[in-house]
Asks: 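Could you have a look at this structure, given as structure tokens, before my questions?
Nothing here was measured: the structure is a model prediction, and the numbers come from that model.
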Amino acid sequence: MASRLLIASSLTSVVLLVGLGFAWLVTGSALALAQAADSLSDALTGLGLLWALRLSQKPPDDEHHYGHQGAQPIAALVVAMLVGG
């Protein structure tokens, strides 16, 4: 369920990115450009979280005896730093 939400969110951000990029090209609006950059950031963040979610679902192996659940808090920390930046 979570992966579907992340995929839908990332695809929505990509659609907004394309639409706002087109609006910027047509109008030259700085606001459209800023919103397009925000949509790009949202899409990349969503894809990164999707990667971390899928990685965290992998079973334990020889190098990760307790599994890969640590990927989720690391991804959350990266997203928090991106939002803070």
Asks: If two hydrophobic side chains count as joined below 4.5 Å and joins carry through other members, does Leu50 share a cluster with Leu11?
Replies: yes
Asks: Nearest 0.5 Å, please: how far is CG in Leu6 from CZ in Arg54?
Replies: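 Output value for this atom pair is 9.0 Å.
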Asks: Is it true that Val14 and Ile7 fall in one hydrophobic cluster, defined by side-chain heavy atoms closer than 4.5 Å?
Replies: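 No, no single cluster joins them.
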Asks: Do you reckon Leu17 sits in the same ILVMFWY cluster as Leu33, going by side-chain contacts under 4.5 Å, direct or chained?
Replies: no
Asks: Mark yes or no for whether Thr12, through its side chain, and Ala8, through its backbone, hold a donor-acceptor pair below 3.5 Å.
Replies: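 Side chain of Thr12 to backbone of Ala8: a pair is present.
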Asks: Please find the pair of heavy atoms, one from Leu53 and one from Ser3, that lie closest to each other, and give the distance.
Replies: CD2-N, 3.6 Å
Asks: In Å and rounded to the nearest 0.5 Å, what is the OG1 to CG distance from Thr27 to Leu20?
Replies: 9.5 Å
Asks: Please set out all donor-acceptor pairs under 3.5 angstrom arising from side-chain atoms of residues 35-48, sequence neighbours excluded.
Replies:
from  : atom 1 : to    : atom 2 : distance (Å)
Ser39 : OG     : Gln35 : O      : 3.1
Thr45 : OG1    : Ser41 : O      : 2.8

Asks: So which heavy atom on Trp24 is nearest to which on Ser29, and how close?
Replies: CD1-O, 3.1 Å
